[in-house]
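Side chains included, hydrogens not; waters and symmetry mates left out as well; all remaining heavy atoms used.
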Amino acid sequence: MPNQDPKTFHSAREAVEDLCQRYDRATAFLRRQFDLFLKGEVSGERFRAFYPEIKVTTTSFARIDSRLSFGHVSRPGVYSTTVTRPDLFREYLEDQLELLIHNHGISVEIRASKTPIPLHFAFNEGTAIDGADPEQHDVTIRDTFDTPDLAFMDDSIVNGDFEAVPEGIEPLAPFTAPRVDYSLYRLAHYTGTSPHHFQNFVLFTNYQFYIDRFAEFAEEALRDAESEYEEFVTPGNRITCKADCSEAQANATPLSRMPQMPAYHLKTKKRSGITLVNIGVGPSNAKTITDHIAVLRPHTWLMLGHCAGLRNTQSLGDYVLAHGYVREDHVLDEDIPISVPIPPLAEVQVALQEAVAELTGFSGYDLKNIMRTGTVATIDNRNWELRDQKGPVKRLSQSRAIALDMESATIAANGFRFRVPYGTLLCVSDKPLHGELKLPGMASEFYRTQIGRHLLIGIRTLEKLRNMPTERLHSRKLRAFDETAFQ
């Protein structure tokens, strides 16, 4: 497909509009040629279209507000990033480009990149290819179109392994367009909802009970005329609105089974609502889902789950606010070394503690009656108690851990790796080191009384963080020496 000439913009909005037009034109070309391919009307030809690209050039060191963690580059040079789905990322892109233009006094160049768009990523969301089998043709799809190439879908930028291209162009954003496309498709698969519905504030849990209570909260919010929440989306993209949304409901997809990690979205304008994902049990799921949600560049994610209390002074139902993590989950060992500390983020920690105080009625020193702060250990063996306990117990004691679970450190470490503010508030559900295991009746009562309040604390926390300026929320603690300008 012939590429349009590069264009230069001093307006972020106009630059993003041009990105949208270029992307739509490129993907429409691929879809059109694929339709002809299925009909047997093209043969022996190769069709290719390219992702649009943002390029900026700075020639001097700008005087930047040192409190900012993003929105600027550290030194003169040429920076670029490929872009996909600018319709989905419109507000994000406008915000990032506006900061660059303002902080450096520069223009933005929009052009075609050298990275081809894989055919698989050119289709609209929910598209199903019916009719002819493309493999029955004399030539295969790979001979005619570009297909996904994992060489362009790694995390070298966020992991700090990026090597500059020969032209000396450095990355402008943490993810390339193919990496983003890959995660967008994975998100729809794992959660049963379109990436379009994901909000900027995310809760993770590992129990269906929290989902049930979240649905009740959403129903109450939509009935409240004063509430800023406008829609509630469940797997299959089923939408419940404050007002009539029959057109949106027509796009819902009946599900024959629930997805692996179902997501629920309580939406507001400008994506500032809350997404809740039931990630199930284990660090592998926790890494998988955060790997993909990270490309949406959320403002915060929190883990709300249950844990084993490790101190005899804890009681069932007590809260644990993580200030540090012991990582024995191992799923991120190749991406972020165990030696790297995962620090607490002050804004998130304060918001969590304030929410606990407001929802429980305890404050000050009395808050210690129902909540402890300290180290949470995350492991990859749910039945660790069945092995010789001397080694694990000694390590837990040396780390001063107060709780044990299978997801929290993974979610926090991936938040640190992807520069997404994170936090953890757990609820003690058993005390295996002290022989306190829940009996069936005890478990039912525990879930009835604790889950509703625990979830409300998480929601209240995110609502507090939502009211903060984003430049305050995105901590400088999450930024490395050489960082991308985009948040």
Tell me whether the count of non-hydrogen atoms from other residues, nucleotides or ligands lying under 6.0 Å of [atom1] in [X] goes above 12.
| X | atom1 | value |
| --- | --- | --- |
| His102 | NE2 | no |
| His196 | NE2 | no |
| Arg13 | CZ | no |

Can you check whether [X] reaches [Y] side chain to side chain, under 4.5 Å on heavy atoms?
| X | Y | value |
| --- | --- | --- |
| Ile289 | Val277 | yes |
| Asn414 | Ile336 | no |
| Ile239 | Val233 | yes |
| Leu352 | Leu302 | yes |
| Ile459 | Leu276 | no |

Nearest heavy atoms of [X] and [Y], plus distance in Å:
| X | Y | result |
| --- | --- | --- |
| Ile110 | Ala15 | CG1-O, 3.9 Å |
| Phe232 | Thr234 | CE2-CG2, 3.5 Å |
| Leu332 | Thr410 | CD1-O, 3.7 Å |
| Gly280 | Glu407 | O-OE2, 3.9 Å |
| Arg400 | Arg311 | O-NH2, 3.1 Å |
| Cys427 | Tyr319 | SG-CE2, 4.1 Å |

Output yes when [X] and [Y] qualify as a salt bridge under the 4.0 Å nitrogen-oxygen rule, no when they do not.
| X | Y | result |
| --- | --- | --- |
| Asp154 | Arg179 | no |
| Arg419 | Glu483 | yes |
| Glu17 | Arg90 | yes |
| Glu91 | Lys270 | no |
| Lys7 | Glu109 | no |
| Glu220 | Arg223 | no |
| Lys287 | Asp291 | yes |
| Lys477 | Glu347 | no |
| Glu53 | Arg111 | yes |

Among Tyr79, Phe175, Tyr92, whose side-chain contact (heavy atoms from CB on, under 4.5 Å) with Phe486 holds?
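Only one option passes, and that is Tyr92.
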
Go through the steps to decide whether Thr176 and Tyr51 satisfy the test side-chain contact (heavy atoms from CB on, under 4.5 Å), and finish with yes or no.
CA-CA 10 Å; Thr176 63; Tyr51 286 108; over 6 Å; no

Would [X] and [Y] count as having a side-chain donor-acceptor pair, cut-off 3.5 Å?
| X | Y | result |
| --- | --- | --- |
| Asp405 | Thr378 | yes |
| Arg466 | Thr300 | no |
| Asn200 | Ser272 | no |
| Thr275 | His265 | yes |

Would His306 and Tyr207 count as a close aromatic pair, with their ring centres under 6.0 Å?
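Yes.
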
Can you tell me how far [atom2] of [Y] sits from [atom1] of [X], rounded to the nearest 0.5 angstrom?
| X | Y | atom1 | atom2 | value |
| --- | --- | --- | --- | --- |
| Lys269 | Glu230 | NZ | CD | 5.5 Å |
| Leu100 | Glu98 | CG | CD | 10.0 Å |
| Asp212 | Ile451 | CG | CD1 | 8.5 Å |
| Leu462 | Asn467 | CG | CG | 11.0 Å |
| Ile211 | Thr205 | CD1 | OG1 | 6.5 Å |

Between Asp18 and Gln4, is the side-chain hydrogen bond (donor to acceptor under 3.5 Å, both in side chains) condition met? List the steps.
CA-CA 11 Å; Asp18 189 61; Gln4 295 174 267; 5.0 Å; no

Give me the ring orientation class for Phe121 and Tyr185: parallel if the planes are under 30° apart, tilted from 30 to 60°, perpendicular past 60°.
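Judged by the thresholds at 30° and 60°, the geometry between Phe121 and Tyr185 is tilted.
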
Can you tell me how the ring of His72 sits relative to the ring of His104, calling it parallel under 30°, perpendicular over 60° and tilted otherwise?
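It falls in the tilted class, 30° to 60°.
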
Within the distance-only criterion (no hydrogens, no angle test), does the side chain of [X] pair as donor or acceptor with the backbone N or O of [Y] below 3.5 angstrom?
| X | Y | value |
| --- | --- | --- |
| Thr81 | Ile54 | no |
| Glu228 | Thr268 | no |
| Asp318 | Gln314 | no |

Walk me through it: do Leu68 and Phe70 pass the test side-chain contact (heavy atoms from CB on, under 4.5 Å)?
CA-CA 6 Å; Leu68 295 174; Phe70 63 94; over 6 Å; no

Assess the residue pair Glu358 and Arg460 against the criterion (salt bridge (charged side-chain N to carboxylate O under 4.0 Å, His left out)); give the C-alpha distance rounded to whole Å, side-chain angles, the decisive distance to 0.1 Å, and a yes or no.
CA-CA 9 Å; Glu358 291 171 10; Arg460 181 71 61 85; 2.7 Å; yes

Using the side-chain contact (heavy atoms from CB on, under 4.5 Å) rule, take Tyr210 and Asn278 through it: C-alpha gap first, then chi angles, then the decisive distance, then the call.
CA-CA 8 Å; Tyr210 288 84; Asn278 184 354; over 6 Å; no

Go through it in stages, so that I can follow the logic: the residues are His10 and Ser107, the test is side-chain hydrogen bond (donor to acceptor under 3.5 Å, both in side chains), and I'd like the CA-CA distance, side-chain angles, deciding distance and then a yes or no.
CA-CA 5 Å; His10 295 279; Ser107 59; 4.9 Å; no

Establish, for the pair Arg327 and Tyr325, whether the NZ or CZ atom is under 6.0 angstrom from the six-membered ring centre and no further than 45 degrees off its axis.
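Cation-pi check for Arg327 and Tyr325: fails.
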
From CA spacing to verdict: side-chain contact (heavy atoms from CB on, under 4.5 Å), His299, Thr470
CA-CA 7 Å; His299 293 319; Thr470 55; 3.6 Å; yes

Reference residue Trp301; test ring-ring contact (aromatic ring centres under 6.0 Å, His included); the match among Phe198, Phe204, Phe201, Tyr422
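Of the listed residues Phe198, Phe204, Phe201, Tyr422, the ring-ring contact (aromatic ring centres under 6.0 Å, His included) partner of Trp301 is Phe204.
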
